[in-house]
Each structure stands twice: as structure tokens, then as C-alpha cells.
Amino acid sequence: QQKVQQSPESLIVPEGGMASLNCTSSDRNVDYFWWYRQHSGKSPKMLMSIFSNGEKEEGRFTVHLNKASLHTSLHIRDSQPSDSALYLCAAAHSNYQLIWGSGTKLIIKP
Amino acid sequence: NAGVIQTPRHKVTGKGQEATLWCEPISGHSAVFWYRQTIVQGLEFLTYFRNQAPIDDSGMPKERFSAQMPNQSHSTLKIQSTQPQDSAVYLCASSLDEQYFGPGTRLTVL
């Protein structure tokens, strides 16, 4: 069973809309969550990380973390066509190794 | 900073042949990870090194896959007797904190 579950598998959002992606870990030993973005034909690039309960905002991107439920969510406001990509969530123990989810494919429709 | 370098970018082998993939991590990064990615399986962890020492190879198919890190400037992933199911993009990442991915090697086994 996948230890990091992402939902939805795919998401279509109109340009300018809000995209909300979810990620939950079933491994209670994780300490950190990472969000990576992978454009088609490219390698994953780190988007945001969160280690503490609460919210973190960077530009149009906001990440929430609830450590009690080991749930994190990524919200993209004013979505742009360039945001279309595979979004990967990863959970980490403090030993560097990441446990990866299977990703959410986001499509922004102009 | 050239980022993580992977060579070759593309490799085509015949069934049963050997393939060696190279990775040059970012200078100063203490951890190196190998993954493979397919549409069906997503991103799969293979193995990782920290300070050149092998830490976890739990994702490696044991019989035909091997990885080494002879010095801090490069790591290799060797696949013996390649099979069509080994066809994938093989990604190397290096890390001090977040993981930085290389461009990947697309392996095609005919």
C-alpha cells in the first residue's frame, strides 16, 4: 500500500481559478513534506516544503500542513497554463530519504 | 553550478545487453539518490548513498541492478542483462536538504 497518497489523480482547472491538491502520509514517522512540480519531459523541481503545522505562502502558492493527521495540501491561486504539470508530494524522515506519492496531474484550461 | 549531470541522456540497448548510467551530483551535496520513472509505476526509489556510503538499496531489483559511488563526484547505476520492462527514465538526484534532480537518462530496451 502506498505510504503517501495523493488526490485527486488528475485535476482540470480553468485559467485564473484555484487548484487544490491533497497529500496524506500513513507513515507516522515522517517529519517533513515536500511538493515538487514536474513539467512534461522535464525532471521534478522542488516547489515548496513545510515542516511545521500551519500555512506557508509563496506568491500564488500556499501549502498547509496538519501534523496530527499527516495531511498537507497545495493551493495554487490565479492558475496559469504554465502551472500545468505533474505535482508530486513527498514525505521525509529526518534521514533524507523521501517517500513519494504517485502525483496529481494538473491541467489548466485557457 | 551546472546542476546534477546525467549521461547519457538517451540509451537504447538490445534485450540481454548491459547498460551503465552515470550521475555527477552537485558539488558539496552529501546524498545521492537513484530513481526510475514510468507512466505506469510513477517515480520509484531505487537506492541512495550518503557521503559515498550505500545507505538503502531496498528499491533495487536485486539480481541485475547494482549501483556504486566510487568517489564524491560520480555515481553509476549498472543494469545487467537488460529486459524490456527496464525501459524507463532513470533519474539521479543529489541533496543537502531538498533533492535536486538531474535531467534523467531515458533507457529503451528493445
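If you tally non-hydrogen atom pairs under 4.5 Å between each of A/Pro44, A/Ser49, A/Ser43 and chain B, the highest count goes to A/Pro44. Of the listed residues B/Gln37, B/Glu98, B/Arg106, the one with more heavy-atom pairs under 4.5 angstrom with chain A than any other is B/Glu98. Here B/Asp56 is the residue among B/Leu91, B/Asp56, B/Val89 with the most heavy-atom pairs under 4.5 Å with chain A.
Remark: A/Lys67 does not engage A/Asp31 in a salt bridge, criterion side-chain N to carboxylate O under 4.0 Å.
For chain A, the nearby part of B/Phe45 is the side chain; its heavy atoms alone come within less than 4.5 Å. For A/Leu88, the part sitting under 4.5 Å from any heavy atom of chain B is the side chain, from C-beta outward, and nothing else.
Within a 6.0 Å radius of CD in B/Gln85, other residues, nucleotides and ligands contribute more than 12 heavy atoms.
Going from atom CD of B/Gln6 over to atom OG of B/Ser75 covers 9.5 Å, rounded to the nearest 0.5 Å.
By the 30° and 60° cut-offs, the orientation of the rings of B/Phe33 relative to B/Tyr48 is parallel.
Under a hydrophobic clustering in which Ile, Leu, Val, Met, Phe, Trp and Tyr are joined whenever their side-chain heavy atoms come within less than 4.5 Å, directly or via other members, A/Met46 and A/Phe51 fall into the same cluster.
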